[in-house]
Amino acid sequence: MADPSEDPFAEAAIQKAARSIREGQLVAFPTETVYGLGADATNADAVAAIYAAKERPSFNPLIIHVASVEAAEQLVVFDDRAIALAEANWPGALTLVLPRRDDCPVSLLAGAGLDTLAIRVPAHAFASRFLQAAAVPIAAPSANKSGTVSPTIAEHVRESLGAAVDMILDDGACSIGLESTIIDLTTDIPTLLRAGGVTMELLERQIGEIQPAANNDETPKAPGMLSRHYATRIPLRMAATHLEDGEALLAFGGRTLGSAPAVCNLSRGGDLKEAAANLFDMMRQLDRPEYTGIAVMEIPETGLGRAINDRLKRASQ
Ligand code: TXA
Ligand code: MG
């Protein structure tokens, strides 16, 4: 692992990539596990572009990458087990799921509306220099289209995502080539959500028993989506064409359905990326007991609209 700060070409590329991130663009970057498709995690529009590029029909919460434990502590709440795991494994191929801090600046979309975040400090000279230079937390799933294998060289990223990615930081092959291990620390006994770069045996020696994820759904879901998602407390009705008494309105596009006690518009211009960026925030804003429910106007089932509708459907059941 060469030190990129001693290579003027690498350093220039990293600085350019960091600027692109701060401008809201998508940058694919190498880590020790796989290449990530990164965006400024605090910028919901940039995060929406990740979901659009991956063409995933649902919102999966993304892993948030930071340069140091101190930077992670600004975002999530650490308990003793988290401190022990972070000290022993970071930087490294371990992702921890922890509660968001109240003042956490990461967009709700990056965490798919959950009140927890998956976070890790990668052990890769390029990645860590890039994270330092960007100086914002970077949300990054693996840099491939949904349903395809994770990329371990820059060429894979180019093949899979093409023009959907603004820039690729190339540092050859990833040394581990397998995604990070994900441990959920919000359960009494820590839960293994995904096996990966760091073995469970090693982690159990560090913090004791770790339980496998209970898969109590008949349909296999991505790790982390195990029936835990933000459900609205009041009923939510999709493809609404009129308003019931006392319903708040979640609008889309230029039309309205009449006068509601509260209205949020996902995107007046009918832009699905903007709608995705606003979705979780607006769901929370309208989810108040003084309304009888939330009426959601029809959202087209194309592009990001599929992920938005998937999310609304889960909330409406
Ligand atoms: O090695 C890796 O982890 C790579 C590199 C780029 O860091 N990233 C990666 O990200 O594999 P992705 O998005 O492909 O996988 C993230 C996984 C998802 O399966 C998701 O369900 C889980 O992390 N996850 C994210 N946030 C979560 C949360 N708050 N609670 C539970 N699971 C979460
Ligand atoms: Mg992936």
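All residue numbers in this chain count up from 1 along the given sequence. For ligands, and for the atoms within them, numbers begin at 1 and follow the listed sequence.
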Open item on the list: So if I count the atoms of ligand 1 from 1 in the order they appear, which ones are less than 4.0 Å from some heavy atom of His65?
Closed with: 5 (C), 6 (C), 7 (O)
TODO: Tell me which one of Ala213, Pro141, Ala112 gets a heavy atom nearest to atom 12 (P) of ligand 1.
DONE: Pro141
TODO: Return yes or no for this condition: an N or O of Glu179 is under 3.5 Å from an N or O of ligand 1.
DONE: no
Task: Numbered atoms and elements of ligand 1 in range of Ile182, under 4.0 angstrom, heavy atoms - done: 17 (C), 22 (C), 23 (O)
Task: Heavy-atom neighbours of Asp102 CG exceed 12 at 6.0 Å - done: no
Task: Salt bridge flag under 4.0 Å for residues Arg233 and Asp287 - done: yes
Task: salt_bridge(Asp271, Lys273) N-O dist < 4.0 Å - done: no
Open item on the list: Check this for me, if you would: do Glu274 and Arg268 make a salt bridge, where the nitrogen-to-carboxylate-oxygen distance has to be below 4.0 angstrom?
Closed with: no
Open item on the list: Rounded at 0.5 Å granularity, tell me how far CZ in Phe59 sits from CG in Leu108.
Closed with: 12.5 Å
Task: Heavy-atom nearest neighbour of atom 29 (N) of ligand 1 within options Asp184, Thr116, Ile64 - done: Thr116
- [ ] Kindly identify the option in Ser142, Ala127, Pro61 whose heavy atom sits closest to atom 9 (C) of ligand 1.
- [x] Ser142
TODO: May I ask you to say whether Arg306 pairs ionically with Asp310, meaning some side-chain N is under 4.0 Å from a carboxylate O?
DONE: no
Open item on the list: Would you say Met282 ends up clustered with Val47 if hydrophobic residues are merged whenever their side chains have heavy atoms under 4.5 Å apart, either directly or through other cluster members?
Closed with: yes
Open item on the list: If you measure every N or O of Lys54 against every N or O of ligand 1, does any of those distances drop under 3.5 Å?
Closed with: no
Open item on the list: If I apply the N/O under 3.5 Å rule, does Thr95 come out as touching ligand 1?
Closed with: no
TODO: Would you mind listing which atoms of ligand 1 come within a distance below 4.0 Å of any non-hydrogen atom of Ile63?
DONE: 3 (O), 8 (N), 9 (C), 10 (O), 16 (C), 23 (O)
Open item on the list: List ligand 1 atoms under 4.0 Å from Gly36, heavy atoms only on the residue side.
Closed with: 6 (C)
Open item on the list: Could you measure the distance from the CG atom of Asn144 to the CG atom of Leu37? Nearest 0.5 Å is fine.
Closed with: 9.0 Å
Open item on the list: Taking 4.0 angstrom as the limit and counting only heavy atoms of Leu193, give me the atoms of ligand 1 inside it, by number and element.
Closed with: 31 (C), 32 (N)
Task: Pairs touching residues 5-30 that satisfy ring-ring contact (aromatic ring centres under 6.0 Å, His included), sequence neighbours left out - done: Phe29-His65, Phe29-Phe130
Task: Heteroatom test (N, O or S) for Ser142 near the Mg ion (ligand 2), limit 2.8 Å - done: yes
Open item on the list: Using a plain distance cutoff, I'd like to know if Tyr35 has any nitrogen or oxygen under 3.5 Å from a nitrogen or oxygen of ligand 1.
Closed with: no
